[in-house]
Amino acid sequence: MKEKIVVIGSGFSSLAAACYLAKEGHEVSIYEKNESIGGRASQFKAEGFTFDMGPSWYWMPDVFERFFNDFGYSVSDFYELEKLNPAYSVFFSDSSSVDIADNLEDIFNTFENEEKGSSKALKEFITDAKSNYDVAIKDLVYRPGISPLELITPKTVTKLGQFFSNVSRDVRKKVSNPKLVSILEFPVLFLGAKPSKTPAFYNFMNYADFGLGTWQPKGGMHQVILSMEKLAKSLGVIIYTNSPVSKINTKNNKVTGVTINEKELNFDIVLSGADYNHTETLLETHQKQYSKNYWDKKTFAPSSLLFYVGFNKKLKNVNHHNLFFDTDFEKHAEEIYDDPKWPIDPLFYANFTSITDPKMAPEGMENGFFLIPIAPGLNDTEALRASYFNKIITRFEHITKQNVKNNIIFKKSFCVNDFVSRYNSYKGNAYGMANTLFQTAFLRPNLKSKKVENLFFTGQLTVPGPGVPPALISGKLAAGLILNKNS
């Protein structure tokens with residue numbers, strides 16, 4: 001039966017779900033509160049510079065390929081990818097740096113040069129990580145988190161112990177060099193929790209990193225959003241911007257539609273890709289599945305202090321992706337998760353997409369994206385933003401041995417207050433809910449409301465978790481539940 005479906009939000013998960021639902025003949029409309037589509041993956045242009053506002057790492061290319069394959073296409077039908085070499089550079093406190101190559105053999109040699117014997121240990125670690133990747137990404141994450149039995153397969157039973165160990169412990173069994181430890185622990189930060197709180201099974205992120213490599217879509221990450229928009233529209237999806245949903249309307253605890261710009265619109269099904277906590281504020285109190293106490297007790301992935309910067313010259317001694325691990329990793333992690341406060345000496349990340357794609361900046365210039373992970377919910381002021389920019393740009397100059405402060409011709413910041421106002425993000429989190437042991441699969445907020453009939457959810461606070469590839473998968477899972485709801 002053809003049904004009218006409204007999708008709230010236009011990020012990766014919303015667009016993915018809309019495509020799957022429209023493919024099956026449903027009448028799908030997307031309503032986006034902001035002026036442009038993409039959610040956290042929006043893009044803006046200023047003074048000749050182009051900036052992706054959020055996601056900047058293109059990992060797990062197979063997940064993107066699988067998505068477009070579901071509609072009879074390939075990624076290459078929509079956008080051009082370039083594999084980065086080096087994938088990224090890591091800078092340390094002793095003024096040294098390590099480049100991570102685009103192939104395993106060179107990465108093994110890099111590790112061996114840093115710590116004798118580590119290449120053999122890394123090969124064993126990556127073999128195990130690949131095995132976990134094959135189990136997780138090719139199977140487990142495409143299950144909707146309805147039952148704990150989803151996690152029990154002949155393959156996962158043999159890996160049960162990895163759910164009760166953690167990434168940090170397993171990494172230290174393989175290498176002891178602090179630099180190599182940091183490099184191996186880095187990928188799981190995408191899952192939103194400390195390595196010591198992330199089940200060892202999630203080392204599959206290391207295979208995503210070293211085994212599959214880091215890629216860049218020509219024109220930026222937003223090109224993926226634009227490609228999904230093109231696909232959605234070709235399937236009949238209608239997309240509206242500047243259309244915030246102020247209420248989810250119900251009758252006898254069954255969806256009847258939504259209110260947008262003070263106008264009631266009738267729909268058979270509501271699927272929200274907006275912040276889960278925010279979505280439930282659009283319901284009557286008794287229709288909420290999760291209380292304030294529930295959300296307060298959960299471990300959230302970090303928020304971020306972001307800076308979008310335009311330089312009037314080309315930069316030296318940096319690559320496309322750069323990690324500045326020149327301060328205490330553990331101390332910064334404590335200031336995010338254990339004792340939430342503004343970090344004293346934060347690690348930070350910077351990317352310069354114009355190194356790979358010169359059209360992202362005016363000729364002879366560079367665009368920069370700087371990110372400091374911070375605890376969600378912190379007090380956010382312009383004075384704090386300014387002080388932290390000065391901190392990191394001073395360190396950046398020192399570490400990369402160049403003067404850049406006087407070459408900044410554009411700068412825009414984005415932090416907790418902006419995550420709240422632009423994305424209705426709970427406590428201004430940037431990545432969603434962390435994938436810890438007790439926040440995995442069926443232990444995450446449900447894709448389907450248990451209190452309101454025909455209300456569904458998708459995105460980073462539900463299954464399977466934070467990150468761009470999981471968002472694509474979440475959209476497919478939510479659409480699957482809707483398509484099978486009467487079966």
Side-chain angles (χ1 to χ4, degrees), residues 1-32 36-43 55 58-82 137-144 208 212 215-241 267-273 447 456-460 462-464 467-487:
M1 181 179 73
K2 183 177 180 179
E3 294 185 285
K4 286 184 65 179
I5 302 173
V6 58
V7 179
I8 303 174
S10 63
F12 283 108
S13 57
S14 293
L15 286 168
C19 288
Y20 285 110
L21 293 168
K23 179 187 175 188
E24 297 305 317
H26 295 290
E27 186 180 325
V28 183
S29 300
I30 292 175
Y31 286 88
E32 165 60 50
S36 60
I37 67 165
R40 286 167 169 77
S42 299
Q43 190 177 75
Y58 193 104
W59 275 7
M60 303 184 189
D62 51 323
V63 174
F64 294 86
E65 193 64 50
R66 183 169 173 175
F67 169 77
F68 286 106
N69 287 171
D70 284 343
F71 300 91
Y73 296 103
S74 295
V75 161
S76 59
D77 293 321
F78 290 94
Y79 55 90
E80 182 181 339
L81 281 176
E82 180 176 345
I137 304 303
K138 296 180 181 179
D139 184 12
L140 286 185
V141 295
Y142 284 92
R143 302 185 182 199
L212 298 177
W215 302 74
Q216 175 69 10
K218 189 173 183 180
M221 287 292 290
H222 190 64
Q223 289 303 310
V224 186
I225 290 291
L226 296 179
S227 299
M228 296 176 73
E229 177 192 32
K230 183 177 179 181
L231 174 61
K233 287 183 174 179
S234 75
L235 294 166
V237 177
I238 301 174
I239 302 175
Y240 301 90
T241 55
F267 289 95
D268 302 308
I269 295 169
V270 173
L271 169 61
S272 179
L447 288 165
F456 297 82
F457 301 84
T458 187
Q460 58 187 5
T462 183
V463 181
V468 175
L472 291 177
I473 295 167
S474 184
K476 182 174 185 176
L477 294 176
L481 288 183
I482 292 171
L483 295 172
N484 295 321
K485 69 183 178 70
N486 295 320
S487 62

request  = Assess whether side chain to side chain contact (heavy atoms under 4.5 Å, CB included) is satisfied between S42 and I37, documenting all intermediate values.
outcome  = CA-CA 6 Å; S42 299; I37 67 165; over 6 Å; no
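- Minimum interatomic distance between L212 and P61 (heavy atoms only, all atoms of both residues): CB-CD, 4.2 Å.
- Nearest heavy-atom pair across M60 and A208 is CG-CB, 4.0 Å.
- Looking at heavy atoms from C-beta onward, C19 lies in side-chain contact with F67 at the 4.5 angstrom threshold.
- Not counting sequence neighbours, the partners of K476 by the salt bridge (charged side-chain N to carboxylate O under 4.0 Å, His left out) test are D70.
- The main-chain N or O of D268 is never found under 3.5 Å from a side-chain atom of E3 such that the two would form a donor-acceptor pair.
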request  = With side chain to side chain contact (heavy atoms under 4.5 Å, CB included) as the test, would you mind laying out the steps for I473 and Y142 before giving the verdict?
outcome  = CA-CA 6 Å; I473 295 167; Y142 284 92; 3.6 Å; yes
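- The line from CD of E82 to CH2 of W215 is 9.5 Å long, rounded to the nearest 0.5 Å.
- To the nearest 0.5 Å, atoms CE (M228) and CZ (F78) are separated by 10.0 Å.
- In terms of heavy atoms, A41 sits closest to I225 at CB-CG1, 3.8 Å.
- Between the side chain of E65 and the backbone N or O of V75, at least one donor-acceptor pair lies under 3.5 Å.
- Shown here for S14 and I8, the closest heavy-atom pair between the two residues is OG-O, 3.4 Å.
- Between I269 and K485, some side-chain heavy-atom pair lies under the 4.5 Å cut-off.
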task = Could you check I239 against L15 for side chain to side chain contact (heavy atoms under 4.5 Å, CB included), going step by step and ending with a plain yes or no?
result = CA-CA 10 Å; I239 302 175; L15 286 168; 4.2 Å; yes
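- Nearest heavy-atom pair across A478 and F457 is CB-O, 3.6 Å.
- Between Y79 and F68, the ring planes lie perpendicular to each other; the angle is over 60°, past the 30° to 60° tilted range.
- The nearest pair of heavy atoms linking S474 to L447 is OG-CD2, 4.0 Å.
- The main-chain N or O of G38 is never found under 3.5 Å from a side-chain atom of Q43 such that the two would form a donor-acceptor pair.
- Counting non-hydrogen atoms of neighbouring residues, nucleotides and ligands closer than 6.0 angstrom, the NZ atom of K218 reaches no more than 12 such neighbours.
- Scored by the salt bridge (charged side-chain N to carboxylate O under 4.0 Å, His left out) test, D77 finds no partners at all (sequence neighbours excluded).
- Residue V7 is tested with I30, T458, V237 for a side chain to side chain contact (heavy atoms under 4.5 Å, CB included); the sole match is I30.
- The CE atom of M221 sits 7.5 Å away from atom CD of Q216, with the distance rounded to the nearest 0.5 Å.
- Taking the six-membered ring where tryptophan is involved, the planes of Y58 and F64 are essentially parallel, since the angle between them stays under 30° and well short of 60°.
- By the 4.5 Å heavy-atom criterion applied to side chains, L21 and L271 are counted as neighbours.
- Within a 6.0 Å sphere centred on CZ of F71, other residues, nucleotides and ligands contribute more than 12 heavy atoms.
- Applying the salt bridge (charged side-chain N to carboxylate O under 4.0 Å, His left out) criterion to K233, with sequence neighbours excluded, gives E229.
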